[in-house]
S.K.: 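Below you'll find the structure I mean.
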Amino acid sequence: MMRAARLFGPADLRVVDAPVPRPGKGQVLVRVIAYSPYGTDVGTYLNRHGRYVSSYPVGIGADFSGVVESCGAEVTSVNPGDRVTALALDHCGDCANCVSGRTNLCLDPEFAAPPRQICCEEFVLVSARKLAALPDEVTFEDGAMLAGIVDALNAYEQMELSAGDCVAVIGVGAMGLSAIAAGRALGIEVVALGGTGKRVEIARQLGAVAFGISAHGEDLAALVLKDGPGASPAIIETTATDWGIAQAFAIAAPGGIVALTGGGQLPLTSWDVVNRELRIVGVRCGHHQNQALDLIACGKIDLKGTVTRRYPLEEVADAFALLAGEGARDVGRVIIQIGDA
Ligand SMILES: [Zn+2]
């Protein structure tokens, strides 16, 4: 048996005994070392708008690192003892998009719906195709904070941003901080927008010019357009909230490009897009796992300073109570320490 976090209802997270899963064909059993929650996990924890969970109990977590415990049949890419991290999405490996490297846009219908990876437990099953070995320079905690970097690198590639360009990052949560770090690593000038607490300071430490807000829901447009850097040619929206998406389009310059990472109804009409010649790109995770690991290994991305709290697995409910409450405004990344390295 193993210890595993399970949600029994919204905000009802417990650590229980569960059987250790066995790897099937193409699967790897990973002993989890570190897990770092981000916004989607908090959405799952609260089951916001009933969108994330249809039945309980259910596991939680997505961004993690660990050590390969055992491999199922036909797994040749990793071996027991390897230090690994995992992409968010699985893929077929054979279709035109996979062959061209865009594995996050796999054309195989089997991988069209995002399968829910869970990781907040001592042992987790992972498709071997999702795994990458951690370079020696990349710690387990680094390897558990990869998803936001992968998303941001995908966004910057699609927006064709490079050194000397400017981007506005909406939101300074886990995803926003990762987008700042990834942008700075590429030499992009970053303006970070949002946040009501110490997260704004962390954004500045990562190299962004950061503009906090005084209260949730405050309109950024006046701040940015009148007192700040002005309308933005490129924006990455990291909050996946109605507020964040509205801000992104409000501050977009004519001809600007907006990268979206999630959310609901767009707050503009097709005519608005036409009249301002806006471009909109979707960011469906990313395939930039190796680029992210290289940037961490060479020291260009370092999120260690963003970690403000660590909890053992048995106290994961306390971590989520913090992340789902008002106190989250002063919290950077949280690490759940699940196993010993
Ligand atoms: Zn494919």
S.K.: Can you tell me if Asp82 uses its side chain to pair, donor with acceptor, with the backbone of Asn79 under 3.5 Å?
M.R.: yes

S.K.: Rounded at 0.5 Å granularity, tell me how far CG in Leu313 sits from CD in Glu122.
M.R.: 6.5 Å

S.K.: Taking the side chain as C-beta and beyond, is there a heavy-atom pair between Val20 and Leu29 under 4.5 Å?
M.R.: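 A side-chain contact exists here, since the closest heavy-atom pair is under 4.5 Å.
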
S.K.: Ignoring hydrogens and geometry beyond distance, is a side-chain donor-acceptor pair present between Lys130 and Gln117 at under 3.5 Å?
M.R.: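 Looking only at side-chain atoms, Gln117 and Lys130 do form a donor-acceptor pair, the distance falling under 3.5 Å.
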
S.K.: Decide whether Thr306 and Arg333 meet the rule of one side-chain donor and one side-chain acceptor closer than 3.5 Å.
M.R.: no

S.K.: Examine distances only and state if a side-chain atom of Arg279 and a backbone atom of Ala259 form a donor-acceptor pair shorter than 3.5 Å.
M.R.: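 Such a contact is absent between Arg279 side chain and Ala259 backbone.
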
S.K.: Backbone N or O of Gly24 within a donor-acceptor pair of the Gln27 side chain at under 3.5 Å?
M.R.: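 Here the side-chain-to-backbone pair exists.
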
S.K.: Please name all residues satisfying salt bridge (charged side-chain N to carboxylate O under 4.0 Å, His left out) with Arg204, sequence neighbours left out, ordered by chain then number.
M.R.: Glu201

S.K.: Would you check if the side chain of Gln158 reaches a backbone N or O of Gly282 as a donor-acceptor pair within less than 3.5 Å?
M.R.: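 Confirmed, Gln158 side chain pairs with Gly282 backbone.
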
S.K.: For the pair Arg329 (side chain) and Thr196 (backbone), establish whether a donor and an acceptor sit closer than 3.5 Å, ignoring hydrogens and angles.
M.R.: yes

S.K.: List for me each residue that meets side chain to side chain donor-acceptor pair (under 3.5 Å) alongside Glu218, sequence neighbours excluded, and say none if there are none.
M.R.: Ser214

S.K.: Under the criterion side chain to side chain contact (heavy atoms under 4.5 Å, CB included), which of Leu193, Asp219, Ile213 is the partner of Gln247?
M.R.: Asp219

S.K.: Does either side chain, that of Glu160 or that of Ser162, offer a donor lying less than 3.5 Å from an acceptor on the other one?
M.R.: no

S.K.: For Ala112, does its backbone N or O pair with a side-chain atom of Glu110 as donor and acceptor, under 3.5 Å?
M.R.: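 Side chain of Glu110 to backbone of Ala112, a donor-acceptor pair under 3.5 Å: no, none is there.
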
S.K.: Indicate whether any N or O donor in one side chain lies under 3.5 Å from an N or O acceptor in the other, for Thr139 and Asp142.
M.R.: yes

S.K.: So, do Tyr45 and Phe320 have ring centers that fall under 6.0 Å from each other?
M.R.: yes

S.K.: How about Leu161 and Leu186: do any of their side-chain heavy atoms sit closer than 4.5 Å?
M.R.: no

S.K.: Donor-acceptor pair, distance only, cut-off 3.5 Å: does the side chain of Ser65 make one with the backbone of Gly143?
M.R.: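 Checked: no pair found.
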
S.K.: Starting from Trp271, walk the hydrophobic network (Ile, Leu, Val, Met, Phe, Trp, Tyr; side-chain heavy atoms closer than 4.5 Å) and list everyone else you reach, by chain and number.
M.R.: Val274

S.K.: Salt bridge check, Arg3 against Glu314: does any charged N sit closer than 4.0 Å to a carboxylate O?
M.R.: yes

S.K.: May I have the step-by-step check of side chain to side chain donor-acceptor pair (under 3.5 Å) for Tyr56 and Asp12, ending in yes or no?
M.R.: CA-CA 10 Å; Tyr56 292 101; Asp12 182 2; over 6 Å; no

S.K.: Decide yes or no for Phe64 and Ile338: does some side-chain heavy atom of the first lie under 4.5 Å from some side-chain heavy atom of the second?
M.R.: no

S.K.: Is there a side chain to side chain contact (heavy atoms under 4.5 Å, CB included) between Val209 and Phe211 once you walk through the steps?
M.R.: CA-CA 7 Å; Val209 176; Phe211 292 86; 3.8 Å; yes

S.K.: Could you tell me whether the side chain of Leu134 reaches within less than 4.5 Å of the side chain of Val84, counting heavy atoms only?
M.R.: no

S.K.: Where the side chain of Thr85 meets the backbone of Ala132, is there a donor-acceptor pair that is under 3.5 Å apart?
M.R.: no

S.K.: Does any non-hydrogen side-chain atom of Val283 lie less than 4.5 Å from one of Leu260?
M.R.: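 No, side chains not in contact.
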
S.K.: Is the shortest heavy-atom distance from the side chain of Leu177 to the side chain of Leu206 under 4.5 Å?
M.R.: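 Yes, side chains in contact.
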
S.K.: Do you know which of Asp151, Ile149, Val150 makes side chain to side chain contact (heavy atoms under 4.5 Å, CB included) with Leu153?
M.R.: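 Among the candidates, only Ile149 passes.
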
S.K.: Decide whether Tyr156 and Asp165 meet the rule of one side-chain donor and one side-chain acceptor closer than 3.5 Å.
M.R.: no

S.K.: Do Val169 and Val191 come within less than 4.5 Å of each other through their side chains, counting heavy atoms only?
M.R.: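 No, every pair of side-chain atoms sits at 4.5 Å or beyond.
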
S.K.: Taking side chain as C-beta onward, heavy atoms only, is Val28 less than 4.5 Å from Leu131?
M.R.: yes

S.K.: Determine whether more than 12 heavy atoms belonging to other residues, nucleotides or ligands lie under 6.0 Å from atom CZ of Arg102.
M.R.: no

S.K.: Just checking, is any N or O donor in the side chain of Asp272 or Thr269 under 3.5 Å from an acceptor N or O on the other one?
M.R.: yes

S.K.: Has Asn97 got a side-chain atom pairing as donor or acceptor with Thr103's backbone, closer than 3.5 angstrom?
M.R.: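 Here the side-chain-to-backbone pair does not exist.
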
S.K.: Donor-acceptor pair, distance only, cut-off 3.5 Å: does the side chain of Arg199 make one with the backbone of Asp330?
M.R.: no

S.K.: Above 12 or not: heavy atoms from other molecules or residues under 6.0 Å from CG of Asp17?
M.R.: yes

S.K.: Does the side chain to side chain donor-acceptor pair (under 3.5 Å) test come out yes or no for Thr76 and Glu74, once each step is laid out?
M.R.: CA-CA 6 Å; Thr76 56; Glu74 297 181 21; over 6 Å; no

